[in-house]
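Notes to accompany the following structure.
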Amino acid sequence: MNKGAQIRRFAIVLLFTLVTGGACFAQDDVQFTLFPWATSYYNAGGIGEQNNTLCFTAIYNNKYLGWNDVYMQGDSLKKEKTAPQDFYFSMESYLKKLHGSLGVTFVEDIIGHYNNIGVKLGYSYKLRIGNGHLGIGAQVSLYNQQIKSDGWRPIQTGDPVLDKLGESTLDIDFSLGVQYKCDQWYAGVGVTQLASAFDKKRVLRVAGNQDYVSRNPQLYFHGGYTWILPSNPNWEIIPHAMVKTDFKTYQIDVMGLVRYNGLLWGGLGYRLNDNVSLIFGTRPFYNSSNVYLKGLEAAISYGITANSLGYRANRSFGDVEVMIRYCFDIYRPEIFSGYGSSRNIYKNQY
């Protein structure tokens with residue numbers, strides 16, 4: 001093998017090691033069935049998607065309902081419902097003086113006796129291109145991770161990880177993203193947990209100075225399209241898709257919605273090897289003349305478990321997710337009269 005080939009082979013092996021190396025256990029981002037309403041969580045470029053609007057969004061997800069965990073309490077064996085639960089809240093707003101949007105996101109991820117809390121602060125610069133706008137964003141995140149015992153003890157003793165029950169840590173991370181959005185379609189790419197790509201830092205230390213939980217970078221590709229039926233403009237077909245990877249494995253989410261007159265919508269969602277979801281939503285005051293009610297939106301989904309967890313003892317009975325969003329304009333539209341410079345036409349835009 002010549003010297004050039006050896007160098008190339010070494011570089012490939014080194015790159016593979018850097019990307020895939022680290023702890024055996026990785027802390028992934030939270031997965032939402034209603035992912036189009038949680039854009040700011042996985043793509044900083046999508047912060048403040050709507051022009052001149054302040055938005056509040058809350059999502060609650062209860063996953064694998066009915067799933068039971070088995071552990072020892074005293075000298076007896078006990079079952080406890082430990083279905084994962086996730087809570088998401090975001091506040092986003094476009095600010096003209098900043099030529100972009102600011103957003104704050106709060107996420108709590110409860111998996112059994114693991115409790116992970118994260119807060120993100122981000123900014124997305126908005127640039128008008130063609131009939132839409134491009135968002136270029138960055139976020140800084142704070143994460144707190146903890147394993148709670150709640151008075152229980154494991155069936156097997158001597159595990160160095162479980163000896164550290166109750167230990168918690170506060171860590172910092174970063175995210176980047178870009179998103180282009182116009183009236184009928186959007187597409188974006190975002191990457192989260194960037195700090196771990198440059199620093200294989202310990203998150204929870206255990207005996208022997210080994211990693212137990214680490215964070216790997218998460219890469220997202222997502223997009224959607226709104227197709228208005230030519231024969232009846234009151235009906236719209238809206239597909240969404242997302243591909244996500246931690247550079248070791250990948251996951252795919254797809255969603256197809258049908259919306260009527262801007263008021264009611266519903267459809268199906270599918271997550272690869274995980275669940276099939278029924279989705280319903282409404283914007284009850286979409287056609288109202290009351291500007292303070294128009295921006296209210298709500299949705300609910302029920303996911304049927306489509307893997308082995310749904311066909312065994314202590315089985316999962318599916319996932320339930322609820323979303324509420326409220327948006328309203330914070331700037332009055334400017335009205336121009338008479339003749340003037342065409343430069344003022346887009347004064348209120350990005």
Side-chain angles (χ1 to χ4, degrees), residues 24-39 41-42 57-71 77-89 107-118 145 147-148 150 152 154-155 192 213 215-216 218-222 224 238-246 248-258 265-282 298-324:
C24 295
F25 300 90
Q27 176 61 46
D28 294 329
D29 288 336
V30 178
Q31 298 189 100
F32 295 104
T33 299
L34 301 171
F35 62 89
W37 288 267
T39 303
Y41 177 68
Y42 52 81
T57 306
I59 301 176
Y60 173 74
N61 179 14
N62 198 333
K63 194 172 178 65
Y64 301 139
L65 293 171
W67 179 260
N68 293 323
D69 195 10
V70 180
Y71 63 94
L77 196 65
K78 185 177 180 180
K79 292 182 179 181
E80 181 182 7
K81 293 182 179 180
T82 54
Q85 300 178 63
D86 304 312
F87 178 73
Y88 165 94
F89 176 80
V107 175
E108 183 175 18
D109 181 22
I110 302 173
I111 306 176
H113 299 281
Y114 293 84
N115 189 17
N116 306 309
I117 297 176
Q145 298 179 325
I147 304 177
K148 295 184 177 181
D150 297 327
W152 62 272
I155 296 176
T192 64
V213 180
R215 290 197 297 274
N216 291 328
Q218 313 280 310
L219 182 64
Y220 297 85
F221 299 93
H222 62 105
I238 311 172
H240 298 274
M242 174 184 286
V243 179
K244 44 199 170 185
T245 177
D246 62 356
K248 296 179 181 179
T249 185
Y250 68 93
Q251 181 59 275
I252 299 175
D253 286 75
V254 293
M255 178 189 299
L257 303 176
V258 177
W265 46 269
L268 297 174
Y270 174 68
R271 180 177 297 136
L272 184 65
N273 297 324
D274 191 8
N275 66 34
V276 177
S277 301
L278 302 174
I279 304 169
F280 299 95
T282 180
I300 187 171
S301 71
Y302 173 72
I304 302 169
T305 304
N307 55 41
S308 59
L309 293 180
Y311 307 98
R312 58 191 300 178
N314 303 323
R315 66 184 295 265
S316 162
F317 293 99
D319 311 339
V320 173
E321 190 166 301
V322 179
M323 183 278 299
I324 297 177

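Residue numbers count from 1 along this sequence.
- Atom OH of Tyr302 is separated from atom CZ of Phe317 by 8.5 Å, given to the nearest 0.5 angstrom.
- In this structure, Met323 and Phe32 have side chains that are not in contact, with every pair of non-hydrogen atoms separated by 4.5 Å or more.
- Looking at Asp109 and Lys63, no side-chain N of the basic residue comes within less than 4.0 Å of a carboxylate O on the acidic one, giving no salt bridge.
- Sparse packing is recorded around CD1 of Ile324, with 12 or fewer heavy atoms of other residues, nucleotides or ligands lying under 6.0 Å away.
- The CD1 atom of Ile110 sits 11.5 Å away from the CG atom of Asn61 when rounded to the nearest 0.5 Å.
- The OH atom of Tyr270 sits 13.0 Å away from the OG1 atom of Thr33 when rounded to the nearest 0.5 Å.
- Scanning all heavy atoms of the two residues, the minimum distance from Phe89 to Ala58 falls at CD1-CB, 4.2 Å.
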Check your understanding: Does the side-chain contact (heavy atoms from CB on, under 4.5 Å) test come out yes or no for Asp86 and Glu321, once each step is laid out?
Key -> CA-CA 9 Å; Asp86 304 312; Glu321 190 166 301; over 6 Å; no

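- Rounding to the nearest 0.5 Å places CD1 of Ile304 at 9.0 Å from CG of Asn275.
- Using modelled atom types, one side-chain atom of Gln218 and one backbone atom of Asn216 make a donor-acceptor pair closer than 3.5 Å.
- Of all heavy-atom pairs spanning Pro36 and Met255, the tightest one is CD-CE, 3.8 Å.
- Closest heavy-atom contact between Ser277 and Gly303: OG-CA, 3.6 Å.
- With Tyr41 contributing its side chain and Val30 its backbone, the two residues share a donor-acceptor pair below 3.5 Å.
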Review point. Passes side-chain contact (heavy atoms from CB on, under 4.5 Å), Ile117 versus Val107? Steps please.
Key: CA-CA 6 Å; Ile117 297 176; Val107 175; over 6 Å; no

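- Below 30°, between 30° and 60°, or above 60°: for Trp37 and Trp265 the angle between ring planes is below 30°, a parallel geometry.
- With sequence neighbours excluded, the residues that form a salt bridge (charged side-chain N to carboxylate O under 4.0 Å, His left out) with Asp253 are Lys244, Arg271.
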